[in-house]
Amino acid sequence: MIADEPAGSSSANPSQAEPNGKGRECIPEMLTISQDGYQPWTDAGIEPQLRIENIVKSFDGFNAVDNVSLDIYRGEFFSLLGGSGCGKTTLLRMLAGFLTPDSGSLSMDGLDLVPLPPYERPLNMMFQSYALFPHMTVENNIAFGLRRDGVPKDEVAERVSKVLDLVQLSEFASRKPSQLSGGQRQRVALARSLVKRPSVLLLDEPLSALDKKLREATQYELVNIQQQVGITFIMVTHDQEEAMTMSTRIAVMDKGKIVQVGSPAEIYEYPQNRFVATFIGSVNLFEGPLVENQTDHAAIESDEWGGKIQVGRAIGYSLGHNTTLGIRPEKVRIAKIHDPMALANRAVGRMKDIAYLGNSLVYHVALQSGKVLKITSPNLGSTSDRQFVRDEEVHVGWAPNACVVVEP
């Protein structure tokens with residue numbers, strides 16, 4: 001860690017990953033995967049590289065981080081995801097050593113991090129503002145930390161050259177930050193962090209300064225670099241798509257707590273509560289008492305839907321329990337009123353709005369109860385081929401295994 005860099009710019013604990021001990025029966029183990037199949041968190045014989053236990057940090061009596069526990073494994077690209085003020089950056093800054101926890105422990109490979117100053121911790125941090133020295137060339141920005149550490153001159157040159165090749169900036173080595181694009185400055189900051197060979201790299205909203213197109217391209221660059229160097233990355237972001245694209249696992253945070261930990265597929269397909277379901281993508285929610293519950297299926301009676309909603313699995317509640325079901329917009333089917341729809345869950349609605357998004361279409365269909373159902377479908381034709389118009393009656397529906405139980 002460079003001491004004078006500016007700072008301004010689980011399945012983890014099962015009790016956090018599975019609130020109230022419910023909902024796990026809905027998550028198939030085959031979804032616990034990462035981009036390359038690496039999943040050490042499923043192996044009880046593998047020790048986590050970084051262990052966060054019962055960490056609390058308060059400001060003026062408010063718990064910014066409230067009793068957080070996490071296990072992060074070597075080689076992961078792990079994301080802390082949440083909205084502004086959820087505590088994710090505070091947690092990252094405690095890992096970096098810029099803040100001291102009020103209670104709890106932080107350890108890496110058995111080493112207690114809490115008493116160590118930032119520059120003695122075996123990790124580095126890439127700042128949101130990149131924090132590059134404007135008067136130095138790219139090469140000197142990258143070499144600065146090594147020189148401060150007294151690394152021999154020949155070794156500095158070799159390591160800087162290798163990392164410049166890695167981030168594809170060799171031809172820009174003599175330029176200054178003001179002569180680079182936003183994406184190139186981002187890669188300089190990444191190279192400066194990687195050249196010191198930390199065990200863990202912390203990234204604070206690393207792509208927030210880039211425009212949308214460049215941000216999307218850089219996501220894949222970062223993942224490829226991380227896989228090449230094999231360093232554990234821990235990223236803070238508020239961007240759901242960014243976290244889903246890049247992460248092996250995601251910890252979703254809200255009000256200082258971790259509300260769910262899992263692979264991107266687990267988080268999206270099987271959100272464990274209403275906050276996660278609505279924060280990650282879009283979701284249609286229906287409530288009602290549980291009226292059937294067998295080993296292979298269940299059903300709730302929903303006034304919003306206008307009858308029973310069938311679920312393709314048992315639900316861990318007793319009959320009569322008020323239950324919330326979530327269905328993603330892309331899993332809902334829509335058809336002309338005269339077309340048959342062979343789905344267990346189907347209803348009639350009236351087309352309220354149609355949004356053309358280029359690669360997809362978004363439909364808002366008002367059910368007879370007044371509930372508006374959101375449906376998305378890929379754009380497979382041209383504007384002249386649109387099937388539906390406003391105010392027409394349509395069929396909507398989905399398969400029983402497409403919906404998921406959502407905790408309050």
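Note that this is a predicted model, so its numbers are computed, not measured.
A donor-acceptor contact closer than 3.5 angstrom is absent between the side chains of Asn379 and Asn359. For the residue pair Ser58 and Asn63, a side-chain donor N or O sits within less than 3.5 Å of a side-chain acceptor on the partner. In this structure, a donor-acceptor pair under 3.5 Å is absent between the side chains of Glu76 and Thr232. Side-chain N/O atoms of Glu242 and Thr237 include a donor and acceptor closer than 3.5 Å. In this model, no donor atom of one side chain and acceptor atom of the other lie less than 3.5 Å apart for Lys176 and Thr137. In this structure, a donor-acceptor pair under 3.5 Å is absent between the side chains of Ser369 and Glu304.
More than 12 non-hydrogen atoms from other residues, nucleotides or ligands lie less than 6.0 angstrom from CG of Asn322.
Annotation: the span from Ile280 atom CD1 to Ile250 atom CD1 amounts to 6.0 Å, rounded to 0.5 Å. With rounding to the nearest 0.5 Å, the separation of CG in Asp239 from CG in Leu81 is 8.5 Å. The CG atom of Leu367 lies 12.0 Å from the CZ atom of Arg350; values are rounded to the nearest 0.5 Å. In this structure, OG1 in Thr324 is found 4.0 Å from CD in Glu287, a value given to the nearest 0.5 Å. Put simply, CG on Asp353 and CG on Asp391 are 11.0 Å apart, with the number rounded to the nearest 0.5 Å. Distance check, rounded to the nearest 0.5 Å: NE2 of His238 to OG of Ser79 gives 12.5 Å.
Listed here is the closest heavy atom pair of Ala298 and Leu290: CB-CD1, 4.2 Å. The minimum heavy-atom distance between Ser302 and Ile309, with the atom names listed, is CB-CD1, 3.9 Å. Of all heavy-atom pairs between Asn141 and Arg192, the closest is O-CD, 3.1 Å.
A distance-only check finds no donor-acceptor pair linking the side chain of Glu330 to the backbone of Ser377 [under 3.5 Å]. Between the side chain of Gln260 and the backbone N or O of Gln272 there is at least one donor-acceptor pair closer than 3.5 Å. Not a single donor-acceptor pair under 3.5 Å links the side chain of Lys352 to the backbone N or O of His364. Under the 3.5 Å distance criterion, the side-chain polar atoms of Arg121 are matched with a main-chain donor or acceptor of Leu95. Asn293 places a side-chain N or O within 3.5 Å of a backbone atom of Tyr317 that can act as its donor or acceptor partner. Remark: the backbone N or O of Leu373 is not paired with any side-chain donor or acceptor of Asn284 at under 3.5 angstrom. A side-chain donor-acceptor contact under 3.5 Å links Asn224 to the backbone of Tyr220. Without hydrogens or angle criteria, Arg185 side chain to Leu180 main chain gives a donor-acceptor distance under 3.5 Å. In this structure a side-chain-to-backbone donor-acceptor pair under 3.5 Å is present from Thr278 to Phe275. Side-chain atoms of Thr323 come within 3.5 Å of backbone atoms of His321 as a donor-acceptor pair (strictly under, hydrogens ignored).
Under the 4.5 Å side-chain criterion, counting only non-hydrogen atoms from C-beta, Ile267 is in contact with Val252. Here the side chains of Trp305 and Asn345 are in contact, with some heavy-atom distance below 4.5 Å.
A salt bridge is defined here as a Lys NZ or Arg NE, NH1 or NH2 lying under 4.0 Å from an Asp or Glu carboxylate O, and Asp109 with Arg74 meets this definition. A salt bridge links Asp149 to Lys196: one of the charged nitrogens lies within less than 4.0 Å of a carboxylate oxygen. For Glu269 and Arg328, the salt-bridge test fails: no basic side-chain N is under 4.0 Å from an acidic carboxylate O.
Contacts of Glu221 classified as side-chain hydrogen bond (donor to acceptor under 3.5 Å, both in side chains), with partners at least two apart in sequence or in another chain: none. Partners of Glu155 by side-chain hydrogen bond (donor to acceptor under 3.5 Å, both in side chains), not counting sequence neighbours, listed by chain and number: Arg159. For Gln310, the side-chain hydrogen bond (donor to acceptor under 3.5 Å, both in side chains) test picks out no residue, with sequence neighbours left out. Qualifying ring pair (Phe, Tyr, Trp, His ring centres under 6.0 Å) partners for Phe78, counting only residues two or more places apart in sequence or in other chains: none.
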Under 3.5 Å, which donor-acceptor pairs do the side chains of residues 393-402 form with other protein atoms, sequence neighbours left out?
from, atom 1, to, atom 2, distance (Å)
His395, ND1, Ile337, O, 3.4
His395, ND1, Asp339, O, 3.2

Identify every side-chain donor-acceptor pair in residues 160-174 under 3.5 Å, counting partners at least two apart or on other chains, and give the distances.
from, atom 1, to, atom 2, distance (Å)
Lys162, NZ, Glu158, OE2, 3.2
Asp165, OD1, Ser170, OG, 2.5

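Ring pair Phe133/Phe144 is tilted by interplanar angle, where 30° to 60° counts as tilted.
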Exercise for the section: Test side-chain contact (heavy atoms from CB on, under 4.5 Å) on Phe59 and Asp102 and set out the steps. Expected result: CA-CA 10 Å; Phe59 298 100; Asp102 298 333; over 6 Å; no
Handout entry: side-chain contact (heavy atoms from CB on, under 4.5 Å) between Leu70 and Ile258, worked out
Key = CA-CA 9 Å; Leu70 271 176; Ile258 292 178; 3.3 Å; yes
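For the pair Lys371 and Phe286, the cation sits on the ring face: its NZ or CZ lies under 6.0 Å from the ring centre, inside 45° of the axis.
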